Structures are given as structure tokens and as C-alpha cells.
2 protein chains.
Amino acid sequence: MNVMNASPRRKELTRLAAQLFVQEGFDRTTVRMLAQEMGIKSGSLFHHFRDKQEILAAVIEEGTENALVIARDALARCDSSASARLHAMARAHLETLLTDRNAHVVALYEWRRLDTEARAHLSHLRDAYEALWEEVIDEALAEDLVHGDRFLVSRFVMGALNWTVRWYDPEGTRTPDELADELVAMITHSASTR
Amino acid sequence: MNVMNASPRRKELTRLAAQLFVQEGFDRTTVRMLAQEMGIKSGSLFHHFRDKQEILAAVIEEGTENALVIARDALARCDSSASARLHAMARAHLETLLTDRNAHVVALYEWRRLDTEARAHLSHLRDAYEALWEEVIDEALAEDLVHGDRFLVSRFVMGALNWTVRWYDPEGTRTPDELADELVAMITHSASTR
DNA sequence: CATTCACACTAGCGCTTGCTTGGTTGAATG
DNA sequence: CATTCAACCAAGCAAGCGCTAGTGTGAATG
């Protein structure tokens, strides 16, 4: 058994697994289906992953780490006004959500299938990401750009954004950036620099 | 086999199934677990439901029908200003979501496990419900209470509301009505009657 | 040239799954 | 009082499940 995290083969297998998990759901996806999609036999799968659970954890970890990197980059790149940072964060969120779509759909739908250890590890990643959001929301509240309770506002915003995976059509006319800007416009009250 | 929809026993079994589906997920819930929870043997289950899929469909149908009834009632009961109707709709949405919580969590998480026929039938119910939302959103847009595209605004709002099942704590300090009003306040711009 | 190692294979074990079958109840109906 | 019928049970089948054990490669390493 290999089970080292950095293997490039493992990355590719994780990507394929994410796709199947989205199509079929985690429980309905059998190790035999995964193996076939990867062009190997089911037994060989356990050379790369300790068990089926670990594949799920790998998929979610991959997606969440990317989200963190992209969000931090976006915040570092934009100027420091609350409005700019809010826009940047919303755009970054949708960018990850829709480029790493499979991984994020799995994270949203199959989170509860994680065992205790994996969930503990991944919770930290997710919390780090959500902390970025609360920071940006706080700044927006301080400048009176948005009204309400910091906790509620951040939940509502993340809900609205995460929900997009259910209806957004990448082949359609709207770009992710347009979506992000529309959402920000909807919730900002006074000095909305659009 | 009975398989008539109106049986009172069936209603009770559906309620229990919803609870188990939330706890374990549809795929992980075995017919034996369902039967035990209902105090019968697994074979007897198929007297009430044709197959496992039909239990899932029954759970979701139940929840969606209730949502429709509650929303229509709320709209009929409130006065006809766009603001009042928006508040009423948001409150009604959260009311169903949190009283019929199990059924709605199942509907949100396990929708994709429905077979084609069930999905077609239930899609109509869901569309009827969403049509109510779009109507109310249209009125709010017409009065300049909310800014943006009708399609996007309704998706964002429903996303924010549906997301609450992931974090809302009924034992906490906030009431569903407070939540609804906070959301409306967040998205309304000019004549927000709060 | 011997050894190691990542990667893959074959074969199958032990268990669980959804669902079926054939039959038994006890209350309601005519 | 014979019949009906919803509701349940015991037993089990066929299929599929995650995972393991043991083995065979061809390329890289010493």
C-alpha cells in the first residue's frame, strides 16, 4: 500500500472519483465503478487509498484547499475598500465553486458520510475559509455597506452562493463574475461601487 | 399489497422514514432499519410501499405539499403590499422548513436518488411552489423594494433560506420569524417596512 | 546484475442488500 | 357464521458490497 498524499496519480484518481460521486452519490458509487473509471481493477484501488472513505476525504480536501488559496489570492490582489473586498470574495467563491464544481458538490452533499477523524481535519479547513468571509462581512458592516447581524449575513450570503451549484448553467449567458456582482448589488445599501 | 396513498398508517410510516433518512441518508438506511423503527418486520414494509424508492417519494411529496399549503395560506392572509407579501413568504418558507424539517432536508439532499417518474411528478409540485416566490419577487422589484434580476434574486433568496437547515438551531435564541425579517431587511433597499 | 518498489492483477471471502414468497392473524362485513 | 381483507410474519434468494491475500510486472536504484 502506498497511501502517500502527494502522488500525482492519486490526484488524478481523486478527480475522477469526484466526478463519479457527483453523478451517483458516494454510497451508490462502488469501488468497482471507481476502478473501471480509472482503468484499473477494483483491488488495485486500495494501493492508492486505504479505504473508500479516504477517497471521499481526498476529494473534499482537494476542493477546500483550492478554495482557500483562491480566496486568499483574490483578497491579496484587490484594493482594501470594503466594497472591493466583498466583490473579490464573492467572485472568488463562485470561481472555485464552478471550476472545482465536482469537489464542492461532493463536499456539500456528502459531508456527513465522512468518518469522525476526517471530519475533524476538514472542519478546520472549512472554518479557516469561513473566517475569511466573516472578516470581509465585518468590514462591510462597519462601513454600513450592508445591514444586519454578522453571523446571519455571512450565512445568508454563503447560502445564496452555494445554492448556485443547483441551478447555474456554465453554458448559459451569465458569467460567474456577473452572478457575484448581482448578489453584492442585491445586499449592499449605500455606497455600492459597482 | 396495499399501496394506497391515503392510508393513515402510511402517513405515520412516512414520518418515521423521513427521520431515518435524515439521520443516515437514503442509501445507508436499509429496509430493515426502517422496519425496526416502525415496529414491524422488513417484509411487511412492502405491504405499504411498492419499493424503497416509493418511501423516498412519499417523504418528499408530503413535505412539498405542506410547503405549498402554508405559503398560499400566508399570502392569502397578509395585506397586499409588496413588502408585506415578501415578509409573509419568507416567514412561511422558514416555518415549513423548520417544522417539517426532516422532510425538507430529505428533499434537499436526496432529490437525486428519486427515479425518473417520481422526479417528474414532484418537479411539478416544486415548480408550483417556486412560482409563488417569483410572483412575490416580481412585485418587490416593481416597487423598487429590491434590485436585480427576477431570476437571480429568487434563486439567491431561496438559497439563503434553504441553507438555514444546515446551521439553524431551533433551541437557540433566534426565532424563524426573526431570521426571515433579517433576510428581507438585508435585501430590501428603499421603503423597507420592518 | 541483484534488489527494490510502485503499480497492477486474479480470485474470492464474508456479509448485507432490496425484495419475494407463502402463509397467519384478528377485526370488519354481508 | 362464512368471507374478506388489511396487516403482519418467517424464511430466504440472488445480487452486490467493501475489502483482502497473494502474485506478477517492468522500470529505477545500489
Side-chain angles (χ1 to χ4, degrees), chain A residues 1-60 106 110 112-119, chain B residues 1-60 106 110 112-119:
Chain A
M1 298 173 200
N2 187 14
V3 196
M4 52 189 297
N5 289 354
S7 156
R9 181 91 172 112
R10 196 177 138 120
K11 270 256 166 92
E12 172 64 5
L13 299 183
T14 303
R15 209 184 50 80
L16 288 170
Q19 191 192 328
L20 260 182
F21 287 164
V22 169
Q23 264 175 46
E24 306 286 331
F26 176 70
D27 291 320
R28 274 184 142 74
T29 304
T30 69
V31 293
R32 280 165 246 261
M33 292 165 66
L34 286 164
Q36 188 173 27
E37 195 74 11
M38 298 166 178
I40 57 180
K41 298 294 173 179
S42 73
S44 313
L45 225 168
F46 295 91
H47 172 72
H48 301 277
F49 302 92
R50 193 179 354 254
D51 53 24
K52 196 186 164 191
Q53 282 268 347
E54 202 183 75
I55 308 180
L56 177 61
V59 167
I60 297 182
V106 170
E110 314 283 2
R112 289 134 36 92
R113 308 301 174 251
L114 290 169
D115 54 44
T116 324
E117 314 141 51
R119 186 145 50 197
Chain B
M1 303 175 196
N2 187 14
V3 197
M4 52 189 295
N5 289 354
S7 156
R9 181 88 173 113
R10 196 178 137 121
K11 268 256 165 91
E12 172 64 4
L13 299 185
T14 302
R15 209 184 50 82
L16 288 169
Q19 191 192 325
L20 261 182
F21 287 164
V22 169
Q23 265 175 44
E24 308 285 332
F26 175 69
D27 290 321
R28 272 185 142 72
T29 304
T30 69
V31 293
R32 280 164 246 261
M33 293 166 66
L34 287 164
Q36 188 172 26
E37 195 74 11
M38 298 165 178
I40 58 179
K41 298 295 173 178
S42 72
S44 314
L45 228 168
F46 296 91
H47 172 69
H48 301 278
F49 302 91
R50 192 180 354 253
D51 54 23
K52 197 186 164 192
Q53 282 267 348
E54 202 183 74
I55 309 181
L56 177 62
V59 167
I60 297 182
V106 171
E110 315 283 3
R112 288 132 38 90
R113 308 300 174 251
L114 290 169
D115 54 43
T116 324
E117 315 141 51
R119 185 144 52 196

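Protein chains get the first letters and strands the later ones, always in sequence-line order, with residue 1 at the start of each. This is a predicted model, so every value here is computed, not measured.
Atom pair A:Arg50:CZ and D:dT20:P shows a separation of 11 Å (rounding to whole Å applied). For the pair B:Gln36 CD and D:dA10 P, the computed distance is 13 Å after rounding to whole Å. Rounded to an integer number of Å, the gap from A:Asp27 CG to D:dG16 P is 17 Å. The CE-P distance, from B:Met33 to C:dT17, rounds to 8 Å in whole Å. The interatomic distance linking B:Asp51 (CG) with C:dT17 (C1') rounds to 14 Å, in whole Å. One can place NZ of A:Lys52 at 19 Å from P of C:dC15, the figure rounded to the nearest angstrom. As a whole-Å value, the separation of A:Phe46 CZ from D:dG18 C1' is 6 Å. Between the P atom of D:dA7 and the CD atom of B:Glu12 lies a distance of 14 Å, rounded to the nearest Å.
Heavy atoms of other residues, nucleotides or ligands lying less than 6.0 angstrom from CD of A:Gln36 number 12 at most.
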Report each atom pair, protein N/O against N/O of nucleotides 9-14 of chain C, whose distance is under 3.5 angstrom.
| from | atom 1 | to | atom 2 | distance (Å) |
| --- | --- | --- | --- | --- |
| C:dC9 | OP2 | A:Lys41 | N | 2.5 |
| C:dC9 | OP2 | A:Ser44 | OG | 3.0 |

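Separation of atoms CZ (A:Arg10) and CD (A:Glu54) is listed at 4.5 Å; rounding is to 0.5 Å. Put simply, CG on A:Asp115 and CD on A:Glu117 are 5.0 Å apart, with the number rounded to the nearest 0.5 Å. Here the CZ atom belonging to A:Arg28 is positioned 4.5 Å from the CG atom belonging to B:Asp27, to the nearest 0.5 angstrom.
In terms of heavy atoms, B:Ala35 sits closest to B:Lys41 at CB-C, 3.5 Å.
Considering only heavy atoms from C-beta on, B:Arg119 comes within 4.5 Å of B:Arg112 through its side chain.
With A:Leu56 as the partner, the side-chain contact (heavy atoms from CB on, under 4.5 Å) test is satisfied by one option alone out of A:Thr14, A:Leu114, A:Asp51: A:Leu114.
For C:dA6, the OP1/OP2 oxygens have no side-chain nitrogen or oxygen of A:His47 closer than 4.0 Å.
Contacts between residues 13-23 of chain A and DNA chain C, defined by a heavy-atom separation under 4.0 Å, are absent.
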*Could you walk me through whether A:Arg9 and A:Glu12 pass the salt bridge (charged side-chain N to carboxylate O under 4.0 Å, His left out) test, one step at a time?*
CA-CA 5 Å; A:Arg9 181 91 172 112; A:Glu12 172 64 5; over 6 Å; no

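Geometrically, A:Lys52 engages A:Phe26 in a cation-pi contact defined by less than 6.0 Å to the ring centre and at most 45° from the axis.
Out of C:dC19, D:dA6, C:dC7, the shortest distance to the side chain of A:His48 is found at C:dC7.
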